[in-house]
Amino acid sequence: MLANSAETLPRGHVLVEPYVYDVQTRGNDGFGSRAYVLYGLTDDLTVGAIPIIGYNAVHHGPNSSGIGAGDQILQAQYRLTRFHEGSWFPTLAIMLQEAVPTGRYERLERAADGMGSGAWATTLGLNAQSYFWMPNGRILRARFNATWTFARHADVDGVSVYGTGQHFHGRATPGDAFYVATAFEYSLTRRWVLALDLTYSRSDATRVTGYDDPLGLPATPVHASSGRSEAFGFAPAVEYNFNANVGVLLGVRVIPGGHNVTRSVTPAIAINYVH
């Protein structure tokens, strides 16, 4: 559900995998969708995009004024090695993502309209994947991802996703982030698969600097930091494959909480189509 595959698509083939989910926290439902749209440029190089949209339903406040676009992601993955049956060496790939700051994040009339960060962000990742044959002949597939994300700053005016007020002018700099995920998929039959993802994430503090400048009053300097955050998570899921080209996945991601992280439960459903 969460860990990326280390495989690439054969040249000329396409994968489309839309997810629909609800990030449930205390006081808010973050409905969203992200769709992986990938194309095999060569047998070892897959490129594509991850369009993201969302809508925030606030339990005790105004909801989003409508469905909005989040920051969109461009992705490329190059396969370095490929697993072969009987070998211990896994499939390895390097992944590069660029988050394009297309989502609204500042000058918000409603805080719930904030869907983006306003900052370009580059993610560099290493993906690994291998297969293990169980004594009963079934297959256990294992994945491992490690990513590092480096963000630039965002210019900020007014009410924003960074908690600034109506008269704020300045900038925000999201902290660098490190993420690790491992996943296991067990084939019950040729169609039914059980899966479990385990995740760890750590982000440096986001810093906000600038000033509040209310009309007719002296400007007040603003220096704020969110502090470092750290969290573990897990995501059980079940997958059903109608045939070799189409499958559906149903699962839930749980983040029990952590350091400067809000507890969340995120049910999700996805359809996977390969051609």
Side-chain angles (χ1 to χ4, degrees), residues 1-21 32-54 68-84 89-103 115-131 141-152 154 174 176-183 185 195 197 199 201 235 237 239 241 243-249 253 268-275:
M1 178 175 168
L2 303 176
N4 292 318
S5 172
E7 283 292 349
T8 50
L9 293 168
R11 180 179 179 180
H13 286 250
V14 175
L15 177 144
V16 179
E17 187 175 19
Y19 280 75
V20 178
Y21 51 85
S33 173
R34 63 165 55 204
Y36 292 80
V37 183
L38 306 176
Y39 175 75
L41 199 60
T42 71
D43 287 346
D44 294 321
L45 177 62
T46 293
V47 298
I50 308 173
I52 301 171
I53 59 174
D71 292 344
Q72 309 305 301
I73 299 174
L74 304 177
Q75 176 175 302
Q77 179 161 294
Y78 183 76
R79 187 176 60 198
L80 302 172
T81 64
R82 189 171 190 179
F83 171 84
H84 295 283
F89 207 77
T91 298
L92 292 174
I94 53 174
M95 181 186 71
L96 179 66
Q97 292 182 339
E98 187 68 26
V100 183
T102 53
M115 301 289 175
S117 67
W120 293 80
T122 301
T123 297
L124 180 64
L126 175 67
N127 298 332
Q129 180 170 287
S130 193
Y131 298 84
R141 181 170 69 177
R143 290 179 177 176
F144 176 81
N145 300 160
T147 66
W148 297 262
T149 300
F150 312 94
R152 272 73 84 192
D176 296 340
F178 174 67
Y179 176 83
V180 173
T182 186
E185 294 182 341
D197 293 73
T199 67
S201 60
E239 180 180 342
N241 297 293
N243 51 50
N245 301 99
V246 180
V248 61
L249 177 145
R253 184 193 68 179
I269 186 170
I271 297 175
N272 183 291
Y273 172 73
V274 179
H275 177 70

Practice item. Just jot down the salt bridge (charged side-chain N to carboxylate O under 4.0 Å, His left out) partners of Arg152, sequence neighbours excluded, or say none. Key: Glu98
Practice item. Measure the CD-OG1 distance between Gln72 and Thr102 for me, rounded to the nearest 0.5 Å. Key: 4.0 Å
Exercise for review: Kindly check if the number of other-residue, nucleotide or ligand heavy atoms within 6.0 Å of OH (Tyr78) is above 12?
Suggested key: no
Practice item. Quick one: pull up CZ in Phe83 and OG in Ser130 and give me the separation to the nearest 0.5 Å. Key: 4.5 Å
Review point. Under a 4.5 Å cut-off applied to non-hydrogen side-chain atoms, are Arg11 and Leu41 in contact?
Key: no
**Study point:** Heavy-atom closest contact (Pro101 atom, Gly118 atom, distance)
**Key:** CB-C, 3.5 Å
Check your understanding: What are the two closest non-hydrogen atoms of Ala128 and Leu92, and how far apart are they?
Key -> CB-CD2, 3.6 Å
Check your understanding: Are any of the side-chain heavy atoms of Phe144 and Val180 separated by less than 4.5 Å?
Key -> yes
Point to revise | Pair Ser117-Asp71, side-chain donor/acceptor within less than 3.5 Å | key: yes
Exercise for review: Evaluate the side-chain proximity of Tyr36 to Leu15: yes if any heavy-atom separation is below 4.5 Å, no if none is.
Suggested key: yes
Check your understanding: With a 4.5 Å limit on heavy-atom distance, are the side chains of Val248 and Glu239 in contact?
Key -> no
Review point. Nearest 0.5 Å, what's the CD1-CG distance between Ile269 and Leu249?
Key: 8.5 Å
Check your understanding: Just wondering, do Val47 and Gln75 contact through their side chains at under 4.5 Å, heavy atoms?
Key -> no
Exercise for review: Can you measure from CG (Leu96) to CG (Leu124) and round to the nearest 0.5 angstrom?
Suggested key: 6.5 Å
Study note, to complete from the structure: Note: Val20 and Ser33 closest approach over all heavy atoms is CG2-OG, 4.3 Å
Point to revise | Close side-chain approach of Phe89 to His84, heavy-atom, < 4.5 Å | key: no
Check your understanding: Yes or no on side-chain contact (heavy atoms from CB on, under 4.5 Å) for Met95 and Asn4, after CA distance, side-chain angles and deciding distance?
Key -> CA-CA 10 Å; Met95 181 186 71; Asn4 292 318; 3.7 Å; yes
Point to revise | Donor-acceptor contact present, side-chain Asn243 to main-chain Asn245, <3.5 Å | key: yes
Revision key, fill the gap. Heavy-atom nearest pair, Ala121 first then Thr149, reads CB-CG2, 4.1 Å
Exercise for review: Could you tell me whether the side chain of Ile73 reaches within less than 4.5 Å of the side chain of Val100, counting heavy atoms only?
Suggested key: no
**Study point:** Asn127 and Asn145 side chains, donor-acceptor separation under 3.5 Å
**Key:** yes
Review point. Is there a side-chain contact between Val14 and Leu9 (heavy atoms, below 4.5 Å)?
Key: no
Check your understanding: Can you tell me if CG on Leu45 sees more than 12 non-hydrogen neighbours from other groups inside 6.0 Å?
Key -> yes
Review point. With a 3.5 Å cut-off and no angle check, do the side chains of Thr8 and Thr46 form a donor-acceptor pair?
Key: no
Review point. How many angstroms lie between atom CZ of Arg82 and atom OG1 of Thr91, to the nearest 0.5 angstrom?
Key: 7.0 Å
Practice item. Heavy atoms only: give me the nearest Arg79-Ala93 pair and the separation to one decimal. Key: CA-CB, 3.9 Å
Check your understanding: Taking only residues two or more places apart in sequence or in another chain, which ones pass salt bridge (charged side-chain N to carboxylate O under 4.0 Å, His left out) with Glu185?
Key -> Arg141
Check your understanding: So, Thr122 versus Gln97: side-chain donor-acceptor pair below 3.5 Å or not?
Key -> no
Check your understanding: What closest approach, in Å, do Glu7 and Gln77 show between heavy atoms, and which atom pair accounts for it?
Key -> O-NE2, 3.1 Å
Practice item. Please confirm whether the backbone N or O of Leu2 pairs with a side-chain atom of Asp197, one donor and one acceptor, at under 3.5 Å? Key: yes
Check your understanding: Any donor and acceptor pair, going by atom type alone, linking the side chain of Thr182 with main-chain N or O of Arg143 inside 3.5 Å?
Key -> yes
